[in-house]
Amino acid sequence: MSVHVKEEPVLVPNCDVENTELAVYNGNGESELENFGTCVDEITDRVNQLEQKVVEVEHFYSSKDGAAQTNTSKSNSGGKKIAISQPNNSKCNSAGKEKSKGKHVSSPDLMRQFATMFRQIAQHKWAWPFLEPVDVKGLGLHDYYKVIEKPMDLGTIKKKMESSEYSNVREIYADVRLVFKNAMRYNEEKEDVYVMAESLLEKFEEKWLLIMPKLVEEEKKQADEEAEKHANKQLTLEAAQAEMARDLSNELYEIDLQLERLRESVVQRCRKLSTQEKKGLSAALGRLSPEDLSKALKMVSESNPSFPAGAPEVELDIDVQTDVTLWRLKVFVQEALKAANKSSGGTNAQNNNNTGTGEINKNNAKRRREISDAINKASIKRAKKA
């Protein structure tokens with residue numbers, strides 16, 4: 001089948017995508033055709049933008065599912081539960097564990113209660129060695145900083161409390177314990193400073209136990225509030241993503257409708273295929289590869305759902321197909337045969353060296369001949385009726 005490009009109509013678009021109108025011209029129309037391409041490019045750009053948003057939505061939900069699976073696996077491994085630890089009745093947990101409780105912010109009432117407890121310890125008759133930083137030089141304690149990594153004293157703690165440098169009582173608790181622990185680490189058990197530090201630490205721990213219930217209650221309440229806040233934020237985010245997904249779906253659906261209207265309008269303005277072109281199309285269908293032939297038959301079934309595209313043997317009546325289907329078939333067949341001709345050399349060489357593949361090719365050729373014969377028979381029947 002020979003194709004004379006100059007004799008075919010040129011479609012000129014009005015680039016208003018919402019209401020696409022096409023004019024038909026015979027002859028050259030390179031500028032008009034270029035305008036039509038620009039219109040299609042605009043639609044393509046819009047689709048690309050929507051596609052990026054679709055990827056963002058997909059990434060959100062895939063990340064969410066991945067995080068959920070990770071949390072599930074963690075909860076199932078060992079059956080461990082996160083809980084707020086409480087100090088031992090005799091000796092509290094280490095300062096490091098206590099301080100690692102997180103970002104809890106103690107209430108003013110709890111801070112005042114702790115401040116009262118702190119004053120009681122600081123005003124004790126044995127507290128005087130711990131009210132100021134250790135005079136390392138004056139006392140000639142040359143190895144002090146080798147033994148004590150973080151010096152601390154009650155006077156420094158008091159200044160930090162007054163300047164609101166502590167956000168929760170656990171931080172103050174850790175520093176107070178550090179004061180007495182440092183003294184007990186550096187001094188021998190028989191020395192007075194060690195005995196004084198040990199005694200004050202025990203009194204401090206006893207008082208600490210009195211405020212622990214209120215502290216635990218506050219931490220649990222704040223944790224619940226934070227969890228609820230995070231859940232509400234997540235729900236809001238999911239709702240926004242769901243709304244975006246709906247909007248994207250609607251926009252993509254509208255673009256599909258616009259493209260379909262565009263295609264139908266193009267075909268309606270095109271000339272109809274001549275009898276000779278239909279015959280050429282019938283013959284060309286018989287030369288398609290099985291894969292391309294299946295695609296062509298699927299195009300027919302899209303406009304005619306009752307057409308048995310997947311049947312072992314089909315009868316295709318070219319004359320009853322819509323203009324849209326015929327033009328789609330014509331363009332598809334031209335491109336498919338062109339691509340097949342480019343790769344036919346290498347494919348034939350491989351087929352000749354493989355007996356099993358040659359047998360498949362025979363069956364495929366037989367199927368193409370059957371379909372071609374069916375098309376020709378249908379054309380002969382119509383000619384006799386006429």
With a cut-off of 6.0 Å (strictly less than), are more than 12 heavy atoms of other residues, nucleotides or ligands near [atom1] of [X]?
| X | atom1 | result |
| --- | --- | --- |
| K160 | NZ | yes |
| Q120 | CD | yes |
| E162 | CD | yes |
| E51 | CD | no |
| D192 | CG | no |

Rounded at 0.5 Å granularity, tell me how far [atom1] in [X] sits from [atom2] in [Y].
| X | Y | atom1 | atom2 | answer |
| --- | --- | --- | --- | --- |
| L235 | E228 | CG | CD | 10.5 Å |
| M244 | F60 | CE | CZ | 10.0 Å |
| K278 | D317 | NZ | CG | 9.0 Å |
| K158 | R119 | NZ | CZ | 9.0 Å |
| L141 | K146 | CG | NZ | 13.0 Å |
| E198 | N187 | CD | CG | 12.0 Å |

Closest heavy-atom pair and its distance - [X], [Y]:
| X | Y | result |
| --- | --- | --- |
| I157 | M152 | CG1-SD, 3.8 Å |
| A122 | L154 | CA-CD1, 4.2 Å |
| L285 | L316 | CD1-CD2, 3.7 Å |
| Y61 | E238 | OH-O, 3.7 Å |
| M111 | V169 | SD-CG1, 3.6 Å |
| H59 | S62 | O-OG, 2.9 Å |

So do [Y] and [X] actually touch side chain to side chain, heavy atoms under 4.5 Å?
| X | Y | result |
| --- | --- | --- |
| D224 | K220 | yes |
| D247 | K53 | no |
| V54 | L252 | yes |
| R170 | W208 | yes |
| E225 | K229 | no |
| I318 | L326 | yes |
| D323 | L273 | no |
| E205 | R177 | yes |

Problem set entry | Single hit among I211, N168, D109 for side chain to side chain contact (heavy atoms under 4.5 Å, CB included) with F114 |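 Considering I211, N168, D109, a side chain to side chain contact (heavy atoms under 4.5 Å, CB included) with F114 is found only for I211.
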
[X]-[Y] co-clustered via ILVMFWY side chain contacts under 4.5 Å:
| X | Y | answer |
| --- | --- | --- |
| L139 | V136 | yes |
| M117 | V216 | yes |
| V179 | I148 | no |
| I121 | M212 | yes |

Exercise. Can you name the side-chain hydrogen bond (donor to acceptor under 3.5 Å, both in side chains) partners of E218, sequence neighbours left out?
Worked result: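 E218 satisfies side-chain hydrogen bond (donor to acceptor under 3.5 Å, both in side chains) with S107 once adjacent residues are dropped.
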
Problem set entry | Test item: S294 side-chain N/O and P290 main-chain N/O as donor-acceptor pair under 3.5 Å |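 Confirmed, S294 side chain pairs with P290 backbone.
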
Exercise. Just by distance, do the side chain of S199 and the backbone of V195 share a donor-acceptor pair under 3.5 Å?
Worked result: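 Checking the backbone N and O of V195 against the side chain of S199, no donor-acceptor pair under 3.5 Å is found.
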
For residues 300-309, which side-chain N or O atoms pair as donor and acceptor with protein atoms under 3.5 Å away, sequence neighbours left out?
residue : atom : partner : partner atom : Å
S301    : OG   : K298    : O            : 2.7
E302    : OE1  : R328    : NH1          : 2.8
E302    : OE1  : R328    : NH2          : 3.2
S303    : OG   : V300    : O            : 3.1
S303    : OG   : T325    : OG1          : 2.7
N304    : OD1  : S306    : OG           : 2.8

For this session: Show the numbers, then the answer: is there a side chain to side chain contact (heavy atoms under 4.5 Å, CB included) between D175 and E171?
Result: CA-CA 7 Å; D175 279 353; E171 295 175 348; 6.0 Å; no

Problem set entry | Sequence neighbours excluded - ring-ring contact (aromatic ring centres under 6.0 Å, His included) pairs with any residue from residues 186-207 |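 Found Y144-Y186, Y173-F204.
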
For this session: Would you tell me whether S289 and E291 have side-chain atoms, one donor and one acceptor, within less than 3.5 Å of each other?
Result: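 Their side chains do not contain a donor-acceptor pair, so the 3.5 Å distance test is not met.
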
Exercise. Which is it for N182 and V134 under the side chain to side chain contact (heavy atoms under 4.5 Å, CB included) test, yes or no, and what are the steps along the way?
Worked result: CA-CA 10 Å; N182 285 347; V134 176; over 6 Å; no

